[in-house]
Amino acid sequence: MSGEAFATFREIVRRIPAGKVATYGQIARLAGMPRCARTVGYAMAGCQDPSIPCHRVVDRLGGTKAAFDLHAPGTQRALLEAEGVAFRPDGTVDLEQCRWDPPEG
């Protein structure tokens, strides 16, 4: 996968507003690469640009990833909670309430 694809994923993630999340698969579909959810994960894991809110990307079930817990366990969840993202009792993001629905076009 080219660096161009990673740049496309990062530009989409940059548009996710505070208090909302998107799934890896959702980002891949928005980029026109619907079977590349795992590649989105690689792009987010390797991203060092603080202007890209990688913590707003979760798995298809709303799960957070330990890859974001570089400083302390639960870092991704803490960042999301600080933005008002709701979590279910099982520890996953309430996607019904918090999934980003970008405008068409």
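Count residues from 1 along the sequence. FYI, side chains are in, hydrogens and waters are out, and symmetry mates aren't considered; it's all heavy atoms of this structure.
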>> Can you give me the closest heavy-atom contact between Val21 and Val93, atom names plus distance?
In response: CG2-CG1, 3.7 Å
> So, for Asp59 and Lys65, which heavy atoms are closest and what is the spacing to 0.1 Å?
Replying inline: OD2-NZ, 3.0 Å
>> Does Arg10 form a side chain to side chain contact (heavy atoms under 4.5 Å, CB included) with Asp49? I'd like the steps, not just the answer.
In response: CA-CA 9 Å; Arg10 290 177 181 145; Asp49 184 341; over 6 Å; no
> Which heavy-atom pair separates Ile52 from Cys47 by the least distance, and what is that distance?
Replying inline: CD1-SG, 3.7 Å
> Got Thr39 and Phe6 here, is their nearest side-chain heavy-atom distance under 4.5 Å?
Replying inline: yes
>> Membership question, hydrophobic clusters at under 4.5 Å side-chain separation (ILVMFWY): are Trp100 and Val58 in the same one?
In response: no
> More than 12 heavy atoms of other residues, nucleotides or ligands under 6.0 Å from CZ of Arg88: is that the case?
Replying inline: yes
>> How close do Leu80 and His55 get, counting heavy atoms only, and between which atoms?
In response: CD2-O, 3.4 Å
> Which atoms form the tightest heavy-atom contact between Pro102 and Arg15, and what is the distance?
Replying inline: CB-NH2, 4.4 Å
>> Testing the basics here: between Ala22 and Ile16, what is the closest heavy-atom pair and its distance to 0.1 Å?
In response: CB-CD1, 3.7 Å
> Is there side-chain contact between Val57 and Phe9, with heavy atoms separated by less than 4.5 Å?
Replying inline: no
> Counting heavy atoms not belonging to Arg14, are there more than 12 under 6.0 Å from its CZ?
Replying inline: yes
Result block: side-chain N/O donor-acceptor pairs under 3.5 angstrom for residues 29-36, not counting sequence neighbours:
unit_1: Arg29; atom_1: NH1; unit_2: Gly25; atom_2: O; d: 3.3

> To the nearest 0.5 Å, how far apart are CZ in Arg56 and CG in Leu79?
Replying inline: 9.5 Å
> How many angstroms lie between CD in Gln97 and CG in Leu95, if you round to the nearest 0.5 Å?
Replying inline: 10.5 Å
